[in-house]
Amino acid sequence: MSSNGKNTSPLGLRVAAIGGLLFLHLPLAFIFLYAFTTEEKSFAFPPPGLTTKWFGVAWSSRPDIWPPLYLSLQVAAIATILALIFGTLAAAALSRTKFFGRESISLLFVLPIALPGIITGIALRSAFDIMSIPFSVWTIILGHATFCIVVVYNNAVARFRRLSGNLVEASMDLGADGFQTFRHIILPQIGTALLAGGMLAFALSFDEVIVTTFTAGQQTTLPIWMLSELIRPRQRPVTNVVAVFVFLVTLLPILAAYYLTREGEHTGGSSK
Amino acid sequence: MSPAVRFQNVSRRFGAIRAVDGVSLDIQPGEFFALLGPSGSGKTTCLRLIAGFEQPDEGHIEIFGETVEGVPPYRRNVNTVFQDYALFPHMTVGENVAYGLMIKGVGKAERETKARDALAMVKLAGYEGRRTAQLSGGQRQRVALARALVNGPKVLLLDEPLGALDLKLREQMQEELKSLQTSLGITFVFVTHDQGEALSMANRVAIFSEGKIVQVGTPADVYERPTSRFVADFVGSSNVLSPEVAASHGGSATWTSLRPERIEVVATGAGVPTGYASARGKVSVVSYQGAVTRITVVTDKLPLVASVPATTPFNKGDEVTIAWPMAAMVSMGDAA
Amino acid sequence: MTMAAAERPRGIGGAISDIFFARPQLLTLLLLMPPLLWIGVVYVGSLFALLLQSFYSLDDFSGLVVHQFTLATYQQLFEGSNVQIILRTVVMAALVTVVSAFIAFPIAYYAARYARGWMKALFYLAVMMPLWSSYLVKVYAWKLILAKEGVITWFANALHMGWLLDGVLGLPIVGGPSLSFSYVGTFLVFVYIWLPYMILPTQAALERVPANFIEASADLGADPGQTFRTVIFPLALPGIVAGSIFTFSLTLGDYIIPQIVGNSRLMIGQAVYTLQGTAGNIPLAAAFTVVPMVIMAFYLWMAKRMGAFDVL
């Protein structure tokens, strides 16, 4: 399709599209704005005054922020590593050969994301109950890794399918055994997809709240901390500062993942 | 000396389909051997059996006298040029060519020298640093060739090596492959569905149909003495005469092949030369093909296709006498 | 001895490779086993355990779960207030889905048909970013926008439209003391949060409508409205249905949004949360989770018949 003269869009469509995008993005601007307000007891608009003191307060006088932050980073990091291992194994196995039950197993690996989070959460919680597993960091990680596996799997399986079987055969033909072929041919081909999947898994885990409330017990992750601040607010602008931080921490991996897979996405999109 | 490749009663099944069905074949060292057949006839599976990507369900395969059943591709001294070339996209041309040497543990300096020499051999000197995505189809083919040959294989396998190239390039590569094979003295085995390619390049040809080899021989053998209607029809084109028709023209009472280019049109008034069989009929189709004209002559027994010099113009409906040497009628035995 | 064996040592990697080469199914099995144990046994096992719980009941006097098969809990599910919770949630999910489709379509259509080059990448990112970025932060943003003293009230007053806002809040059922304590607010947040899930599949479906279909339609005498109704919309429909799977399912199961922005009347997610938590009534909570599962199974079956899965 060329962009010739008659391909300009009708005004109404353009207004509706731009309006829709503004609706998607404008609300986040208020998160930033309210991080600078001088009013800490309400969400008064416009803010009566602007200040940067809340960043200092969040940094030095709110020790309740740090343990949840460390816990969230720890959970996201371990869940991502587990997801990378298990998601890649699943993708490798399911893209290798056709075997009986392959279709149902692929469906199985999408289930944790397809079902509402609350179902995953309560199912895991009752399973922990039945097996008398006490809540700990590891129960949170187990819950997170369950849906992070899906994210890595989805990214990896798409790349494995594009990896031409001929390349693997060519490598073996040139004398490389299975491990050498994996190291020199397969890994370089799927590496960026794995990295992108890992980034998305990290972002997803870092701000997950629904499954976490069911698998956390007394542990507080950063989103759980935020949730309690939303229900029982103390210094509201401090919550905004943390929200800005969480937003940026999740945004960067998302942009990186987009950058890593964009060529693939575009070629994939055009061949659809 | 043991043959380069020996198949003894080899079968390979995929589910209910017998892709290769009881094939026995000897390919001699130094031969340029073609596996020719329509798609799905089992020729590519045979190539993959030699390479080691497939294992036979029945039968026995030897490469230079050594049994290779169960031997994985990475332990066979055989290399393949893939149909889509299968160049590694994340490596340069030089790295692609040196890959097999790197896996073998050859030092960096030595493998770079060898890769450079191999690229020079396929007329791509100085291309080491290029990305494979920057190459044309013909250049990719040459890189694939260099990548295989640099390992010094005892047998080189080529899967439809010229299939993706355009006509001019294909003719040029045919020449080059042939001279390369002659100078290196390596056994080349290639798969093709193009009978012209098989006849012009190979020393010997095996013709496949439905998983079986129907004829093996030199290009002249299979073209001039087809042993079955399938070969007569698949290799070039042929008029197939039923036993009765062949007998009525003085041939033996068997299925008989008669090549269109052996049929001549007898000039009006001239007699039929001695030692020739003849028939009279009406021209029904005239197809101008440049150097020759193909005409279909409907005789009282059957329509015959003749390939005649384009110098004489023919029109639909012309009454003509056609004649061919008795020796041009090749008996195919009783083969159907 | 095979011919290459003399040329180089095999090593452990080579030896293991040989085993896997001889038995490719063994490798597939070894690769598949760990993730399958996790997802197929631990996760699906948990789901079944949950399902099983819904066939137990809670003893009203002791407050303990009676581990005996009964349909009493499901019977409870269809009593008065519980039915209302289900109906309320389903109506909300349906409305959210319809409105999301209306807002998503122009964005998807513009991105698929008119955006080119960097514009296209920008549109894609502009939809992807809100899709993946922090859920809780987005909900929080609306909490402060919808607050009584917040942005919307201020704008309404500045535009002399305060009467309209008061009118909306004065409506029975959907209204409330302020937007952040009303169904209108809950609805707005749901639409906002799930909108990207509607845009992406719709855009994917529209990308597949060749431009010459539209030209062909115009060539055959259809005006733009007719072309839209007869060509574009039917071809985009599988994408919209695919998007609606997400918006519908996610709304059915969410309990955070109505908890932060909404009133005291519960939705399914909140009911599950309170029942399993403070009330300790795991059987009824489990029975409640079966509702979205059944609705979604039916929904997916319908969507599959409409070809929505090809777009995903």
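Naming: A, B, ... by sequence-line order, numbering from 1 per chain. All heavy atoms count here, side chains included; hydrogens, waters and symmetry mates do not.
Top candidate by heavy-atom pairs under 4.5 Å with chain C, chosen from A/Gly178, A/Pro27, A/Pro116, is A/Pro27. When each of C/Gly253, C/Ala108, C/Pro292 is scored by its heavy-atom pairs under 4.5 Å with chain A, the top score falls to C/Gly253. With respect to chain A, the highest number of heavy-atom pairs below 4.5 Å among C/Val127, C/Val139, C/Ile256 belongs to C/Ile256. No other option in A/Ala92, A/Pro46, A/Ala127, A/Gly12 has as many heavy-atom pairs under 4.5 Å with chain C as A/Pro46. Interface check for chain A: of the options C/Ala285, C/Pro24, C/Pro106, the most heavy-atom pairs under 4.5 Å are formed by C/Pro106. Counting heavy-atom pairs closer than 4.5 Å to chain A, the top-ranked of the candidates C/Ala147, C/Ser249, C/Ala49, C/Ala126 is C/Ala126. For the set A/Asn240, A/Val249, A/Leu255, the entry with the most heavy-atom pairs within less than 4.5 Å of chain C is A/Asn240. When each of A/Thr250, A/Ile231, A/Leu24, A/Leu108 is scored by its heavy-atom pairs under 4.5 Å with chain C, the top score falls to A/Leu24.
Not counting sequence neighbours, the partners of C/His67 by the ring-ring contact (aromatic ring centres under 6.0 Å, His included) test are C/Tyr56. With sequence neighbours left out, A/Ala156 forms a side-chain contact (heavy atoms from CB on, under 4.5 Å) with A/Ala91, A/Phe160, A/Leu194.
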Could you list the donor-acceptor pairs under 3.5 angstrom formed by side chains in residues 145-153 of chain A, with sequence neighbours left out?
unit_1, atom_1, unit_2, atom_2, d
A/Thr146, OG1, A/Leu142, O, 2.7
A/Thr146, OG1, C/Trp38, NE1, 3.1

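At a threshold of 4.5 Å between non-hydrogen side-chain atoms, the residues C/Val137 and A/Asp207 do not count as touching.
When all heavy atoms are compared, the tightest approach of A/Ala16 to C/Ile107 is O-CG1, 4.5 Å.
In this structure, chain A has no heavy atom under 4.5 Å from any part of C/Leu250. Looking at A/Leu200, the atoms closer than 4.5 Å to chain C (heavy atoms on both sides) sit in the backbone and in the side chain alike. Contacts between A/Thr120 and chain C at a heavy-atom distance below 4.5 Å involve backbone atoms as well as side-chain atoms. Proximity to chain A (any heavy atom under 4.5 Å) is shown, for C/Val151, by both the backbone and the side chain. Using a 4.5 Å cut-off between heavy atoms, C/Ile199 contacts chain A through its side chain alone, with no backbone atom that close. Contacts of C/Phe288 with chain A are absent, with no heavy-atom separation under 4.5 Å from either backbone or side chain. When heavy atoms are compared at a cutoff of 4.5 Å, A/Ile210 approaches chain C by way of both its backbone and its side chain. Of the atoms belonging to A/Ile254, it is side-chain heavy atoms, and not backbone ones, that fall under 4.5 Å from chain C. Heavy atoms of C/Leu125 lying under 4.5 Å from chain A belong exclusively to its side chain.
Among the residues in residues 221-229 of chain A, those with a non-hydrogen atom closer than 4.5 angstrom to a non-hydrogen atom of chain C are A/Pro223, A/Met226, A/Leu227.
Counting only distance, with no hydrogens or angles, the side chain of C/Ser46 and the backbone of A/Leu124 share no donor-acceptor pair below 3.5 Å.
Defined by atom type and a distance below 3.5 Å, a donor-acceptor pair is missing between the side-chain atoms of C/Tyr273 and A/Thr213.
In this structure, A/Leu13 CG and C/Tyr109 OH are separated by 7.5 Å, a value rounded to the nearest 0.5 Å.
Between A/Tyr258 and C/Tyr124, the two ring planes are tilted [angle within 30° to 60°].
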